[in-house]
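Notes follow the structure.
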Amino acid sequence: DEVRLKADGDIKKIQVGSKTQTVLESANGSIDAVEILDNGVVTARAAKDVDLHRTGDLTLSTVYAADGDVTIDLKEGGLYAESREDSELGEDHYVHMQGNTITVTGAAAIEGTKEGASLVLKAQEGKVKMETGTARLTLFGDVDQVESKISANDLDLTVRGNVSNGTYEG
């Protein structure tokens with residue numbers, strides 16, 4: 001029940017999914033306009049941008065853009081983080097999404113899969129854009145760009161670095 005797709009170049013405009021785990025890897029390109037079909041745990045790694053779409057809930061293991069942006073567009077669902085141990089954070093978290101800029105749209109909720117856990121982000125350029133119903137987030141590193149905006153009805157935000165020049169509303 002696991003789907004693994006590895007490419008040297010781009011992975012573009014496909015539909016893919018598994019009920020247990022989906023792994024997408026682009027060694028030298030981008031993962032662009034990929035629609036996730038089933039609700040298994042998703043891992044996506046690319047040298048450049050990662051752009052994922054889903055109707056329904058999406059559970060992430062890791063989404064990593066080495067030298068690009070991460071964009072996740074959800075319809076009718078929440079964004080959830082698979083729980084794992086990370087010695088660098090020293091808690092029951094690890095970095096779930098990493099890229100220059102991280103943008104999440106359409107999520108009803110953003111949180112960890114375990115009670116009290118959060119989705120952990122590392123925005124290398126300090127830019128985070130999210131609009132969601134509720135959010136439990138941990139931001140790793142500095143978040144210091146005017147473009148940073150997190151808007152949620154219920155916001156629980158932990159930052160392991162500096163915060164400035166953004167809009168954070170709950």
Side-chain angles (χ1 to χ4, degrees), residues 6 11 21-32 34 36 41-54 57-74 77-107 109-152 154-170:
K6 297 181 180 187
I11 299 172
Q21 185 169 15
T22 300
V23 178
L24 304 169
E25 295 181 357
S26 172
N28 295 301
S30 295
I31 297 172
D32 184 29
V34 171
I36 305 298
V41 176
V42 174
T43 300
R45 299 189 253 327
K48 298 177 184 171
D49 298 329
V50 175
D51 177 23
L52 302 176
H53 302 261
R54 168 105 172 110
D57 293 340
L58 179 63
T59 301
L60 300 179
S61 175
T62 305
V63 175
Y64 175 70
D67 189 23
D69 299 332
V70 172
T71 303
I72 296 181
D73 179 32
L74 297 175
L79 181 61
Y80 301 98
E82 180 185 50
S83 296
R84 270 185 20 193
E85 184 69 30
D86 186 316
S87 59
E88 185 176 6
L89 293 176
E91 297 178 9
D92 191 22
H93 305 295
Y94 71 111
V95 177
H96 297 100
M97 289 196 291
Q98 182 171 337
N100 292 336
T101 298
I102 297 172
T103 303
V104 176
T105 57
I110 300 173
E111 58 192 43
T113 55
K114 289 174 80 174
E115 187 174 332
S118 63
L119 183 79
V120 181
L121 312 174
K122 186 172 185 180
Q124 290 150 192
E125 292 182 0
K127 300 175 188 174
V128 177
K129 302 172 190 173
M130 295 189 179
E131 293 191 18
T132 180
T134 63
R136 182 180 298 273
L137 300 168
T138 299
L139 303 179
F140 193 62
D142 294 338
V143 181
D144 59 2
Q145 299 294 323
V146 175
E147 294 90 346
S148 292
K149 179 176 182 179
I150 299 172
S151 177
D154 183 13
L155 177 62
D156 182 354
L157 177 64
T158 302
V159 179
R160 297 176 184 267
N162 300 307
V163 179
S164 59
N165 300 323
T167 303
Y168 309 92
E169 345 181 283

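Just so you know, these numbers come straight off a predicted model, no measurement behind them. Residue numbers run from 1 in the order of the sequence given.
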Grab the two heavy atoms, one from [X] and one from [Y], that are nearest each other, plus how far apart they are.
X   : Y   : answer
I31 : E25 : CD1-N, 4.5 Å
G29 : A46 : O-CB, 3.5 Å
S61 : H96 : O-CD2, 3.5 Å
L24 : I36 : CD1-CD1, 4.3 Å
A27 : A47 : O-CB, 3.3 Å

Worksheet, complete the sentence: Value for NZ (K48) from CG (D67), rounded to nearest 0.5 Å, stands at 8.5 Å
Practice prompt. Hey, could you give me the OG1/NE2 distance between T105 and H53, rounded to the nearest 0.5 Å?
Written response: 8.0 Å
Worksheet entry | Check: G68 main-chain N/O paired with D49 side-chain donor or acceptor under 3.5 Å | no
Worksheet item: Stepwise, does the side chain to side chain contact (heavy atoms under 4.5 Å, CB included) test hold for V34 with I11?
Response: CA-CA 8 Å; V34 171; I11 299 172; 4.1 Å; yes
Student check: side-chain heavy atoms of [X] and [Y] closer than 4.5 Å:
X    : Y    : answer
L79  : V104 : yes
T101 : V70  : no
V42  : L52  : yes
D57  : Y80  : yes

Fill in: Test log, rule side chain to side chain contact (heavy atoms under 4.5 Å, CB included), inputs V41 and L60
CA-CA 5 Å; V41 176; L60 300 179; over 6 Å; no
Discussion item. Restricting to side-chain contact (heavy atoms from CB on, under 4.5 Å), what partner residues turn up for Q98, sequence neighbours left out?
Written reply: Y64, V95, K122, Q124
Item to complete: Examine the side chains of E82 and T59 and answer whether a donor and an acceptor come within less than 3.5 Å of each other.
Response: no
Discussion item. Which residue in the set V63, I72, T71, L121 passes side chain to side chain contact (heavy atoms under 4.5 Å, CB included) when paired with I102?
Written reply: L121
